[in-house]
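What you see is a predicted model, and the numbers here were worked out from it, not measured in a lab.
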Amino acid sequence: MKKLILIDGNSLIYRAFYAIPLTLTRAGEPVNAVYGFTSMLIKLIKEERPAALAVAFDRKAPTFRHNQFADYKAQRPEMPDELKHQFELVKEVITAFNIPFFELDGYEADDIIATLVKRFEQSYDEILIVTADRDALQLVTEKVKVISTRKGISEVKVYDRQKVVERFGLPPEKIPDMLGLAGEASDNIPGVPGIGEKTALALTKEFGSLEKVLKKADEIKKPKLRALLKTYAEQARLSKELSTLNSQVPLVVEEKSLHFSPDWGKVRKILTLFSFNSLLNRLDDENESGYQELVVAAFEVSDPFALREILFSAGICSIAFEVAGDWHQGSLKNAYLYSERGGYKLDFASLTKIEALQLLKDYLADDSKVKIIYGLKDKLHFLVNEGIKEVKSAFDPQLAVYLLQPEQAKQ
């Protein structure tokens with residue numbers, strides 16, 4: 001499944017800052033938010049296998065919502081000094097992963113995400129939005145889901161259309177109607193005074209939209225509620241407008257720029273700089289579980305006979321695999337083989353899959369050729385799925401490290 005992950009940078013950084021105890025580098029620099037954000041990022045990469053990634057940020061400049069309503073988010077406290085500088089450090093981490101990030105004066109991260117969803121929804125099988133803000137739930141469709149961070153960053157809930165309906169009794173596109181009535185305290189959106197979420201949900205569900213609620217206010221039996229709706233009708237309309245995400249942000253972005261292609265060397269370097277040793281260990285696992293560090297130039301050989309001659313004349317060969325999906329159920333896309341003679345890509349797009357698999361099968365079954373395959377136990381699952389049942393004379397560095405230093409086995 002071709003997935004795009006869109007992360008609300010501000011939301012996730014704030015969550016991480018308050019969820020992770022204050023952590024300092026040796027130089028005394030706070031990095032707890034950086035650690036939490038990076039931990040969540042690696043977890044997403046490992047579990048979701050995205051084909052593309054992007055992060056959106058708020059800017060300090062006022063947005064179009066501030067122009068509409070001067071008190072928008074006016075109640076929010078000043079950002080802690082220990083957090084302010086960590087935004088730039090997170091951006092350094094994102095850059096090391098080769099993940100693009102977007103921010104634009106006048107717009108919020110949610111609006112940027114809404115724009116990316118609208119622009120690229122047809123290019124992906126699934127889009128996952130990572131945020132703690134429930135505003136994003138209005139973007140949920142058959143293809144779009146929201147991964148909502150709940151307690152800190154360790155607990156999340158995934159909302160698809162069914163989950164949104166179960167939670168609110170409304171489809172995702174009606175969330176702004178409900179917020180127009182109930183308001184949103186976290187953003188200082190007023191709604192209608194005296195109307196809470198429960199009543200707002202009931203009214204929206206009964207009448208279908210905010211405008212219909214206001215139009216048929218005379219039909220509401222409770223005098224106090226009827227009076228409130230008439231008195232604050234324009235405030236309710238404004239509140240709905242403030243709650244509705246803008247999917248027309250003037251972003252200049254090409255779809256190919258979202259493709260996930262990390263520079264693992266840069267990632268390791270920056271994680272080492274921050275002394276995030278536990279994340280480095282997780283990264284080592286991840287690097288050989290779907291997003292291999294294929295940094296050596298690999299020549300594509302479309303002639304199976306030529307590639308056979310190259311392989312069987314080589315000595316020790318290191319092999320990495322690119323898989324669509326996970327190791328248990330995925331299918332093999334490419335194999336990369338490196339020997340003293342160079343690097344070669346066994347490309348299933350240029351060779352027929354039958355030719356490529358037969359060549360790989362013959363080579364792996366050859367007892368006279370030593371193959372280095374990291375994490376072989378996991379990879380045997382999809383190899384068997386592809387009809388490859390014999391792997392002879394293989395050396396697994398992961399298993400070797402475990403045997404030599406079992407006390408340091410990763411948790």
Side-chain angles (χ1 to χ4, degrees), residues 1-3 45-52 124-126 259-262 264 284-403 410:
M1 181 177 286
K2 187 180 180 184
K3 294 182 183 180
I45 291 169
K46 182 174 182 178
E47 294 182 356
E48 300 298 341
R49 305 293 178 199
Y124 294 89
D125 299 313
E126 185 176 70
H259 293 179
F260 181 53
S261 179
W264 295 115
D284 287 338
D285 285 340
E286 174 56 28
N287 196 32
E288 290 294 337
S289 299
Y291 294 105
Q292 294 83 358
E293 187 180 5
L294 305 175
V295 295
V296 181
F299 300 101
E300 293 189 18
V301 182
S302 57
D303 182 349
F305 297 103
L307 187 53
R308 180 179 290 271
E309 182 179 350
I310 290 169
L311 283 178
F312 282 85
S313 63
I316 297 175
C317 184
S318 178
I319 306 175
F321 301 100
E322 184 179 358
V323 176
D326 60 41
W327 292 122
H328 289 261
Q329 303 296 329
S331 61
L332 188 59
K333 290 177 62 178
N334 298 301
Y336 298 81
L337 307 105
Y338 299 101
S339 71
E340 72 275 10
R341 298 188 61 178
Y344 301 93
K345 179 181 179 181
L346 186 58
D347 190 352
F348 285 19
S350 57
L351 295 170
T352 69
K353 189 162 186 177
I354 293 176
E355 290 175 326
L357 283 175
Q358 188 60 51
L359 176 56
L360 193 59
K361 184 176 182 180
D362 292 345
Y363 182 70
L364 292 175
D366 189 332
D367 197 28
S368 67
K369 305 298 178 186
V370 177
K371 306 98 185 170
I372 301 174
I373 304 175
Y374 187 98
L376 178 58
K377 180 181 178 181
D378 287 333
K379 295 174 175 61
L380 286 175
H381 291 284
F382 77 84
L383 289 174
V384 170
N385 291 342
E386 297 286 7
I388 299 174
K389 299 180 180 180
E390 285 188 304
V391 181
K392 297 181 177 180
S393 298
F395 173 75
D396 182 353
Q398 185 184 47
L399 180 59
V401 170
Y402 175 81
L403 292 173
K410 302 180 182 68

Tell me if a side-chain donor or acceptor on K371 pairs with a main-chain N or O of S393 at a distance below 3.5 Å.
no
With rounding to the nearest 0.5 Å, note down the distance linking NZ in K361 to CG in D366.
14.5 Å
Give, for atom CG of L360 and atom CD1 of I388, the distance between the pair rounded to the nearest 0.5 Å.
4.0 Å
Tell me the closest heavy-atom pair linking P397 and I373, and the distance in Å.
CD-O, 3.8 Å
Answer yes or no: are there more than 12 heavy-atom neighbours, outside K3 itself, under 6.0 Å from its atom NZ?
yes
Count the heavy atoms belonging to other residues, nucleotides or ligands that lie under 6.0 Å from NZ of K377, then report whether that count exceeds 12.
no
Under a 4.5 Å cut-off applied to non-hydrogen side-chain atoms, are L380 and V391 in contact?
yes
Is I45 close to F260 at the side-chain level, that is, under 4.5 Å between some pair of heavy atoms?
yes
Closest non-hydrogen atoms of D367 and K392, given as atom of the first, atom of the second and distance, are OD1-CB, 3.7 Å
If you measure from CD on E390 to CG on D362, what distance do you get to the nearest 0.5 Å?
10.5 Å
Rounded to the nearest 0.5 Å, what separation is found between the CD1 atom of I316 and the CD1 atom of I372?
5.5 Å
CG of L364 to CD1 of I319: how many Å apart, nearest 0.5 Å?
5.0 Å
